[in-house]
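Scroll down for the structure; my scribbles are underneath it.
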Amino acid sequence: ESNVQMAKFASMRPSDDRAIAFNKNPDYLPKILEKGKKFNIQNLGFNTKYSDFGPMYYKDKLVYSSAIDSSNYHTRIYHWNEQPFLNMYLGELNKIESDLKLIDAFSDKLNTRYHEATLAFSPDETKVYFTRNNYNGDLQRDAKGTNHLKLYSAELRKDEDSLPTWQNIKELPFNSEDYSVGHPTVSKDGKLLYFVSDMPGSIGATDIFVVDIQQNNKDSLSVTYSKPRNLGEGINTAGREMFPYITNSSLYFASDGYLGLGGLDVFVADIKGSNSFGEVFNLGRPINSPQDDFGYYENLGTNEGFFFSNR
């Protein structure tokens, strides 16, 4: 049935990358379905009726994003999905029961009354990059009235009581009032920051970009960034590329611009060199489904990880 529908799609949109790929390889589905056999998945017990996603290990805890109702602010509803705004939370994972004990908000300094989500840490965990609405006390909008996403950084420093807190919150210099920047991931050597944007120069609806993180030799917390580089047509498509995650050997990301099982699927490409990647592969079932599947993350060395889905 899928092939029948794809054939109709290819006849109507022959120049679409997915139509071209389907015409070259109409029997793509069995190969995708074979690849997922190495994954055992389970739905984690700490999920709520709201959106819960984006977990990232921080020391021996887990930081994740959720729209769960928070007592820190009067409940504010995001009317696109009629859920509370996203904030970042800290929890302790019980691996035996696959459950999470909510400890508290990750940081009152970072969470605001609007969206905060999808974060990444420097290798020494003294710097965090995170996604937030374009909000610094006031919600900023472009000429069309759209509030875009921006990337921010913060540093772990001691406060007046000598307690470590996240301070010095800064916008990254390649943000804009006119397009969105978000969903960061940092290379394991701390030298590259990957992110998603629809900035000018994008190939599709959203693309994955990368910048160099350039450390100041005299002050390890002082950094500058190169100009953003689009990862190019080997990774990005005319569709949406989102939620990248980089390891020493591979780039994982979600896309609806390649042949898949439906909606966003998780894909992987091996790193071949500086800004160079190998062939893109679909991770297959059971990671991917007919719905949106995204945000793949590995806890390296443990053979465990996370991904998110609206299945």
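To the nearest 0.5 angstrom, Asn299 atom CG is 10.0 Å from Met56 atom CE. Here the CZ-CD1 distance, from Arg13 to Ile20, works out to 11.0 Å after rounding to the nearest 0.5 Å. In this structure, the separation between CD1 on Ile235 and CG on Leu251 is 5.5 Å, given to the nearest 0.5 Å. Atom CZ of Phe294 is separated from atom CG of Asp256 by 12.5 Å, given to the nearest 0.5 angstrom. Note that OG of Ser250 and CZ of Phe267 are 15.0 Å apart. Values are rounded to the nearest 0.5 Å. Here the straight-line distance linking atom OG1 of Thr185 with atom CZ of Phe121 works out to 12.0 Å at 0.5 Å rounding.
Under the 4.5 Å side-chain heavy-atom criterion for ILVMFWY residues, no single connected hydrophobic cluster contains both Val211 and Phe277. Residues Ile213 and Ile271 are members of separate hydrophobic clusters, defined by side-chain heavy-atom contacts under 4.5 angstrom among Ile, Leu, Val, Met, Phe, Trp and Tyr. Connection of Phe209 to Ile246 is not established within any shared hydrophobic cluster, with ILVMFWY side chains joined at heavy-atom distances below 4.5 Å, either directly or through further cluster members. No continuous path of ILVMFWY side-chain contacts below 4.5 Å connects Ile32 to Phe253, so the two sit in separate hydrophobic clusters. A single hydrophobic cluster is seen to contain both Leu62 and Tyr296, as judged by linkage of ILVMFWY side chains at heavy-atom distances under 4.5 Å, directly or through other members.
In this structure, the side chains of Ser289 and Ser309 come closer than 4.5 Å at one or more pairs of heavy atoms. Contact annotation: the side chain of Leu259 never approaches that of Leu29 to less than 4.5 Å [non-hydrogen atoms, C-beta and beyond]. The shortest distance between side-chain heavy atoms of Met199 and Ser176 does not fall below 4.5 Å. Residues Tyr258 and Asn282 fail the side-chain proximity criterion, which asks for heavy atoms closer than 4.5 Å. Contact of the Asn3 side chain with the Phe22 side chain is registered, since non-hydrogen atoms from C-beta on lie closer than 4.5 Å. Side chains of Tyr297 and Phe243 form no contact here, defined as non-hydrogen atoms less than 4.5 Å apart. You'll find the side chain of Phe307 stays beyond 4.5 Å of the side chain of Leu283, heavy atoms only. Contact check for Asn236 versus Ile208: side-chain heavy atoms found under the 4.5 Å cut-off.
Heavy atoms only, all atoms of each residue included: Val196 and Pro244 are closest at CG2-CD, 3.4 Å. When all heavy atoms are compared, the tightest approach of Phe308 to Gly295 is CE1-O, 3.0 Å. For Pro123 against Asp189, the heavy-atom pair with the smallest separation is CG-C, 3.9 Å. Nearest approach of Gly278 to Lys272, heavy atoms of both residues: N-CG, 3.5 Å. Across every non-hydrogen atom of Ala10 and Asn23, the tightest pair is CB-OD1, 3.9 Å. Across Asn230 and Gly201, no two heavy atoms sit closer than the pair ND2-O, 3.3 Å.
With hydrogens and angles ignored, the 3.5 Å screen pairs a side-chain donor or acceptor of Thr206 with a backbone N or O of Glu241. In this structure, the side chain of Ser202 does not engage the main chain of Asp207 through any donor-acceptor pair within 3.5 Å. Checked by atom type and distance alone, the side chain of Asn25 never pairs as donor or acceptor with a backbone atom of Ala21 at under 3.5 Å. Under the 3.5 Å distance criterion, the side-chain polar atoms of Asp293 are left unmatched by any main-chain donor or acceptor of Val266. For the pair Ser180 (side chain) and Leu149 (backbone), a donor-acceptor distance under 3.5 Å is present. Of the possible donor and acceptor atoms, one in the side chain of Thr131 sits under 3.5 Å from a partner among the backbone N and O of His183. Panel note: side chain Arg132, backbone Glu171; no donor-acceptor pair is recorded below 3.5 Å. Judged by distance alone, with hydrogens and angles left aside, the side-chain atoms of Asn310 form a donor-acceptor pair with the main-chain N or O of Asp292 at under 3.5 Å.
Atom NZ of Lys59 is surrounded by more than 12 heavy atoms from other residues, nucleotides or ligands within 6.0 Å. Within a 6.0 Å sphere centred on NZ of Lys170, other residues, nucleotides and ligands contribute 12 heavy atoms or fewer. Within a 6.0 Å sphere centred on CD of Glu125, other residues, nucleotides and ligands contribute more than 12 heavy atoms.
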Passes side chain to side chain contact (heavy atoms under 4.5 Å, CB included), Leu172 versus Ser153? Steps please. CA-CA 7 Å; Leu172 297 197; Ser153 68; 3.9 Å; yes
Apply side chain to side chain donor-acceptor pair (under 3.5 Å) to the pair Glu155 and Asn168, showing each step before the final yes or no. CA-CA 6 Å; Glu155 296 156 0; Asn168 196 27; 3.0 Å; yes
Take Leu119 and Tyr58 through the side chain to side chain contact (heavy atoms under 4.5 Å, CB included) test and state the conclusion after the steps. CA-CA 10 Å; Leu119 75 174; Tyr58 175 65; over 6 Å; no
For side chain to side chain contact (heavy atoms under 4.5 Å, CB included), just list the numbers for Phe9 and Met6, CA-CA rounded to whole Å, side-chain angles, deciding distance to a tenth of an Å, and then say yes or no. CA-CA 5 Å; Phe9 170 76; Met6 282 299 300; 4.2 Å; yes
Apply salt bridge (charged side-chain N to carboxylate O under 4.0 Å, His left out) to residues Arg229 and Asp212 and explain how you reach the verdict. CA-CA 9 Å; Arg229 303 187 296 275; Asp212 300 309; 2.9 Å; yes
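When the options Tyr152, Tyr225, Phe174 are evaluated for a ring pair (Phe, Tyr, Trp, His ring centres under 6.0 Å) with Phe195, the one that passes is Phe174.
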